[in-house]
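Just so you know, ligand 1 is whichever comes first in the structure, and atom 1 is the first atom listed for that ligand.
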Amino acid sequence: MNIPITSFPRIIIIGGGFAGIALAKKLSKQEVQVVLLDKNNYHNFQPLLYQVSTGGLEPDSIAYPIRKVLKDFPNFHFRLADVTEVDTKSNTVITDIGNLKFDYLVVASGSKTNYFGNTDVEKYSMAMKTIPQSLNLRSLILENFEDALLTSDLNERNALMNFVIVGGGPTGVELAGALAEIKKGILPKDYPDLDTRSVQINVIQSSDCILKGMSAKASQKAEDFLEKLGVHVWKNIRVTNYDGKTVTTNTDLTFEAATVVWAAGVKGAIIKGLDAKEFVTRGNRLLVNEFNQVKGYTHIFAIGDIACVENNDFPNGLPMMAQPAIQQGKQLGNNMLLLIEGKPMKPFVYKDKGAMATIGRNKAVVDLPKFKFQGAFAWYVWMFVHLFFLIGFRNRMVVFINWVYNYVRFDREARLIIRPFKKKRKV
Ligand SMILES: Cc1cc2nc3c(=O)[nH]c(=O)nc-3n(C[C@H](O)[C@H](O)[C@H](O)COP(=O)(O)OP(=O)(O)OC[C@H]3O[C@@H](n4cnc5c(N)ncnc54)[C@H](O)[C@@H]3O)c2cc1C
């Protein structure tokens with residue numbers, strides 16, 4: 001891997017997401033050698049992926065080179081590597097570009113889409129967890145409209161214009177809202193020869209409310225906003241399969257749809273070697289103590305989505321969101337320095353800063369610890385917070401200018417099929 005040998009302890013971080021970057025920044029300019037490994041050379045700002053999928057933003061504006069984030073840090077090394085295994089006996093990380101020994105290891109590998117073992121759904125539905133997946137979805141949506149224009153088969157045309165989003169969490173809600181705005185504002189102009197009123201947008205939620213982690217008010221308001229935009233919200237319905245053509249559910253309800261987006265859950269991105277039953281807990285996450293140490297180890301840590309810190313306030317672990325990941329990364333940075341100096345570490349305490357989701361133009365819901373509000377002001381707050389947390393001045397500027405442009409022009413100009421997506425067909 002071409003990493004120099006120094007007298008400093010070597011800390012390997014797996015993953016340059018919210019958690020890994022926050023940790024690496026804390027360890028900058030300290031007497032430690034930091035090696036950050038990621039299979040991508042960029043940090044992916046996942047909360048805005050749905051805008052890439054719906055042509056609101058270019059992918060470059062929500063991605064940022066990891067090397068650039070940490071370019072001024074001495075003793076810091078980034079390697080583009082897929083970590084395939086951790087050998088805990090020899091303290092070695094095994095990757096597709098070679099092996100590397102560590103003194104301390106931090107797993108910040110995030111999460112991946114959870115299909116709950118349904119291989120058909122995994123094969124035929126679309127996920128939206130990475131930038132390539134979002135670009136695939138963008139292409140598929142646009143290709144389906146192009147195909148709908150050509151077919152004379154009414155059933156096929158309806159299926160091409162039928163969108164099913166499985167999961168009524170923030171991802172599903174935000175994507176549905178964006179699609180509804182495309183239906184209303186863009187499709188009639190782009191496809192004057194297609195009856196775009198037949199476009200159907202369906203959100204299927206297995207429980208009795210959408211945005212389950214938020215307040216009842218936020219959930220109800222989000223549902224009202226979606227319905228106002230013409231989105232069908234189906235509650236208490238569980239999708240049982242999708243074979244590439246038909247979505248089946250645990251009721252008599254079925255949907256013929258060419259685009260099904262699976263936003264029904266994520267699970268920890270576990271790495272081989274750290275997959276023992278005694279510390280892999282619910283959601284496929286690594287069970288850690290209050291110092292983020294993986295159960296049974298003092299020198300192996302986990303932070304972010306992959307880590308499950310169980311406490312009385314969060315018996316199922318902290319929510320898989322950016323804030324817990326950032327806070328854990330920062331805290332672990334301080335703790336690792338204390339540990340190396342032989343001082344006692346401080347337990348991690350999560351400060352809940354609230355949650356928010358946007359449904360569309362002037363429509364968002366915000367739950368802060370002390371205030372809850374919905375509507376246009378919430379939408380401005382949502383935009384400000386997302387701009388603030390984006391990495392890189394250029395990205396912030398580009399996103400801001402795009403949003404202003406889209407707002408004024410009722411437009412989304414990145415509706416481009418740059419890399420055509422070949423949808424798997426049922427054979
Ligand atoms: C569509 C979507 C919308 C979201 N919206 C919100 C939101 O509005 N608000 C919010 O708070 N949260 C949101 N989240 C959740 C939030 O993005 C995650 O909780 C957060 O990214 C977790 O940070 P992390 O550092 O743990 O993992 P990630 O940010 O996922 O980073 C993990 C990193 O590890 C790398 N990696 C994984 N495995 C390996 C390996 N084997 N080898 C090398 N590298 C590896 C990955 O490439 C990635 O860079 C959203 C998530 C999605 C998918």
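Annotation for ligand 1: atoms under 4.0 Å from non-hydrogen atoms of S109 are 32 (C), 34 (O), 37 (C), 38 (N). Of all atoms in ligand 1, numbered sequentially from 1 with element shown, those under 4.0 Å from a heavy atom of G15 are 33 (C), 34 (O), 35 (C). Below 4.0 Å from some heavy atom of T171 lie the following atoms of ligand 1, by number and element: 1 (C), 2 (C), 3 (C). The contact set between ligand 1 and G110, taken as ligand atoms under 4.0 Å from a residue heavy atom, comprises 26 (O), 27 (O), 30 (O), 32 (C). The atoms of ligand 1 that sit less than 4.0 Å from any heavy atom of A19 are 25 (O). Atoms of ligand 1 lying under 4.0 Å from any heavy atom of G304, numbered from 1 in the order shown and given with element: 26 (O). Atom numbering of ligand 1 starts at 1 in the shown order; those under 4.0 Å from a heavy atom of M128 are 1 (C), 53 (C). Those atoms of ligand 1 that come under 4.0 Å of a heavy atom in A325, given as number and element, are 23 (O).
Scanning the protein heavy atoms around atom 26 (O) of ligand 1, the nearest turns out to be D305 N, 2.9 Å. Summary of contacts: the protein heavy atom closest to atom 31 (O) of ligand 1 is G17 CA, 3.2 Å. Scanning all protein heavy atoms for the shortest distance to atom 42 (N) of ligand 1 gives V83 N, 2.9 Å. If you check which protein heavy atom lies closest to atom 5 (N) of ligand 1, you get P47 CA, 3.4 Å.
In this structure, A108 is part of the shell of residues with a heavy atom less than 4.0 angstrom from ligand 1. At least one heavy atom of D82 lies less than 4.0 angstrom from ligand 1. At a 4.0 Å cut-off, at least one heavy atom of A81 sits close enough to ligand 1 to count as contact.
Checking only distances, Q323 never comes within under 3.5 Å of ligand 1, N or O to N or O. Residue contacts with ligand 1: M321 is placed with a nitrogen or oxygen under 3.5 Å of a nitrogen or oxygen of the ligand (distance criterion only). For ligand 1, the polar-atom distance check finds an N/O of F18 within less than 3.5 Å of one of the ligand's N/O atoms. Annotation: M320 places an N or O atom under 3.5 Å from an N or O atom of ligand 1; distance criterion only. Polar contact check, A322 against ligand 1: a nitrogen or oxygen pair lies under 3.5 Å apart.
Between Y115 and W262, the ring-plane angle classifies as parallel under the 30° and 60° cut-offs. Note on ring orientation: taking the six-membered ring where Trp is involved, the planes of F76 and F73 are perpendicular (angle over 60°, cut-offs 30° and 60°). Under the 30°/60° scheme for interplanar angles, the aromatic rings of W382 and W403 are found to be tilted. Between F163 and F145, the angle of the ring planes lies from 30° to 60°, which puts this pair in the tilted group.
Pairs engaging residues 79-100 under the ring pair (Phe, Tyr, Trp, His ring centres under 6.0 Å) rule: none recorded [sequence neighbours left out]. Every pair passing salt bridge (Lys or Arg N to Asp or Glu O under 4.0 Å) that includes a residue from residues 323-341 is listed here, sequence neighbours excluded: E341-K343.
Comparing Q46, K129, K39 by heavy-atom distance to atom 30 (O) of ligand 1, the nearest is Q46. Of the options D38, V107, L175, N40, the smallest heavy-atom separation from atom 33 (C) of ligand 1 is shown by D38.
Look at D190 and R415 and you find a salt bridge, because one of the NZ, NE, NH1 or NH2 atoms lies within 4.0 Å of a carboxylate O, short of that distance.
The two atoms that bring N44 and K129 nearest to each other are ND2-O, 3.4 Å, heavy atoms only.
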(request) Let me see the working for E290 and K346 under salt bridge (Lys or Arg N to Asp or Glu O under 4.0 Å), right down to the final yes or no. (result) CA-CA 8 Å; E290 69 271 39; K346 293 183 182 151; over 6 Å; no
(request) Under the side chain to side chain donor-acceptor pair (under 3.5 Å) rule, what do T54 and R412 come out as? Steps first, then yes or no, please. (result) CA-CA 8 Å; T54 52; R412 286 168 178 264; 2.9 Å; yes
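Between F18 and F45, the ring centre distance stays below 6.0 Å.
Geometrically, R361 engages Y407 in a cation-pi contact, judged by NZ or CZ lying under 6.0 Å from the ring centre and within 45° of the ring axis.
Residues N162 and N202 have side chains that bring a donor and an acceptor to within less than 3.5 angstrom of each other.
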